[in-house]
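Per chain, numbering begins at 1; letters A, B, ... match sequence-line order.
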2 protein chains.
Amino acid sequence: MTSDQLSLCLGTNPVVVRRSMGFLRRAKIVCSDRGHAGGWRICRDLATITLRDLYAALEEPEVFALGHRSEAPECLVEQAVNAALDQAFAEAEALLLQRMGEVTLADLAEDFTRRHAARSARQGEHTHDT
Amino acid sequence: MTSDQLSLCLGTNPVVVRRSMGFLRRAKIVCSDRGHAGGWRICRDLATITLRDLYAALEEPEVFALGHRSEAPECLVEQAVNAALDQAFAEAEALLLQRMGEVTLADLAEDFTRRHAARSARQGEHTHDT
DNA sequence: CGAATCGTAACATATAAAGTTACATGAAAA
DNA sequence: TTTTCATGTAACTTTATATGTTACGATTCG
């Protein structure tokens with residue numbers, strides 16, 4: 001698909017798509033072809049790509065919205081709070097990343113297919129009714 | 001302490017302090033007194049206040065920086081991704097909140113005291129050297 | 001009364017994410 | 001070879017949000 005097509009699907013802008021897909025290209029998850037009939041392709045087996053890979057490739061801001069105000073604060077109160085929460089944040093992040101690592105694009109494709117069939121069935125029903 | 005004093009400690013603005021402390025007041029964690037000699041007081045035993053209580057009271061944006069673009073998307077791809085991650089997010093958030101619920105302000109006060117003593121000792125040493 | 005303090009509305013500023021424009025580069029088709 | 005259609009990317013604009021600021025009313029104590 002081209003950046004223009006993707007931007008329509010995603011309700012955004014082609015340049016924004018190129019910006020994000022660029023990260024995936026550098027991570028060797030997608031390939032891009034320039035020129036006529038060019039665009040974006042997934043260049044690895046869907047079963048080998050996990051949501052964790054995508055997250056890592058996109059370098060999204062951070063897992064948590066909460067975080068330290070500063071990494072090595074002089075303030076002793078802040079130091080105490082950081083010390084108390086560092087472990088908790090690390091554990092929660094590790095858990096989340098592990099779960100993301102367990103979901104492949106192949107899994108999602110399968111689920112999508114199921115959902116698509118279900119929607120089609122519902123629409124068929126509805127068409128039959130009217 | 002007054003909002004002005006707190007804002008100096010925190011490197012921010014007195015109105016910002018009132019805004020945040022207002023949430024803690026509504027959660028009955030702190031009390032405020034107006035007028036002369038007024039200001040803010042913690043109005044519960046430190047051992048009964050956890051970081052989770054503070055987080056809940058402050059209604060911070062969200063635990064995670066990542067999240068759903070929309071809660072009930074029409075897009076089937078988005079539905080599949082949400083379904084795959086909902087459980088993971090819920091687990092990680094529960095773990096984090098549990099850990100936050102295990103840390104009381106009394107714990108933090110104790111840790112602060114220890115750090116303060118350590119710093120004083122280091123400064124004493126240093127003074128002794130020079 | 002008057003100074004000190006919170007409560008809150010209204011407005012200003014800063015920052016980052018997203019969107020936009022513009023154009024160079026590259027590749028296939030005519 | 002020229003045209004057309006893509007990506008790659010820099011520069012700028014817009015938008016959203018958190019933060020900071022000003023202003024002033026309400027309350028309390030001396």
Legend entry - Results of side-chain contact (heavy atoms from CB on, under 4.5 Å) for A/Ala109 - residues two or more places apart only: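 Result, side-chain contact (heavy atoms from CB on, under 4.5 Å) vs A/Ala109: A/Leu46.
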Legend entry - Pairs satisfying salt bridge (charged side-chain N to carboxylate O under 4.0 Å, His left out), at least one member in residues 6-22 of chain B, at least two apart: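 Salt bridge (charged side-chain N to carboxylate O under 4.0 Å, His left out) check on residues 6-22 of chain B returns no pairs.
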Inset, instruction - Please collect all salt bridge (charged side-chain N to carboxylate O under 4.0 Å, His left out) contacts where either partner lies in residues 48-57 of chain B, sequence neighbours excluded, each pair once. - result: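 Non-adjacent pairs meeting salt bridge (charged side-chain N to carboxylate O under 4.0 Å, His left out): B/Arg44-B/Asp53.
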Inset, instruction - Considering only heavy atoms of chain B and a distance under 4.0 Å, specify the first and last nucleotide of DNA chain C in 5' to 3' order that meet this criterion. - result: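 Nucleotide range with atoms under 4.0 Å of chain B: C/dA4 to C/dA10.
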Legend entry - Remaining members of hydrophobic cluster (4.5 Å side-chain criterion), A/Leu95: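 Result for A/Leu95 is B/Leu95.
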Inset, instruction - Kindly state each residue pair satisfying ring-ring contact (aromatic ring centres under 6.0 Å, His included) with at least one member in residues 96-121 of chain A, sequence neighbours excluded. - result: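 Qualifying pairs: A/Phe112-A/His116.
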Inset, instruction - Kindly indicate, with the supporting measurements, whether the criterion side chain to side chain contact (heavy atoms under 4.5 Å, CB included) is fulfilled by A/Leu108 and B/Val81. - result: CA-CA 7 Å; A/Leu108 294 181; B/Val81 175; 3.8 Å; yes
Inset, instruction - Return each pair, listed once, that meets side chain to side chain donor-acceptor pair (under 3.5 Å) where at least one residue sits in residues 98-113 of chain A; pairs must be two or more places apart or across chains. - result: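 Checked against side chain to side chain donor-acceptor pair (under 3.5 Å) - neighbours excluded - the pairs reaching residues 98-113 of chain A are A/Gln98-A/Glu102, A/Arg99-B/Glu91, A/Thr104-A/Asp107, A/Asp111-A/Arg114, A/Asp111-A/Arg115.
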Inset, instruction - Quick one: which residue pairs count as a side chain to side chain donor-acceptor pair (under 3.5 Å) with a foot in residues 20-39 of chain B, not counting sequence neighbours? - result: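 Passing the test, one end in residues 20-39 of chain B: B/Asp33-B/Arg41.
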Legend entry - Nearest-nucleotide 5' precedence on DNA chain D, A/Arg19 against B/Arg19: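 Between the two, 5'-proximity favours A/Arg19.
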Inset, instruction - Could you check which residues of residues 28-44 of chain B get a heavy atom under 4.0 Å from DNA chain C? Sort them by number, please. - result: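 Correct list: B/Ser32, B/Asp33, B/Arg34, B/Gly35, B/His36, B/Gly38, B/Gly39, B/Trp40.
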Legend entry - Set of ring pair (Phe, Tyr, Trp, His ring centres under 6.0 Å) partners for B/Phe64, sequence neighbours left out: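 For B/Phe64 the ring pair (Phe, Tyr, Trp, His ring centres under 6.0 Å) partners, ignoring immediate neighbours, are A/Phe64, B/Phe89.
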Inset, instruction - With sequence neighbours excluded, tell me which residues meet side-chain hydrogen bond (donor to acceptor under 3.5 Å, both in side chains) with A/Asn13. - result: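 A/Asn13: no side-chain hydrogen bond (donor to acceptor under 3.5 Å, both in side chains) contacts found.
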Inset, instruction - Could you tell me from which nucleotide to which nucleotide of DNA chain D, 5' to 3', there is an atom under 4.0 Å from chain B heavy atoms? - result: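 First and last nucleotides in contact are D/dT19 to D/dC29.
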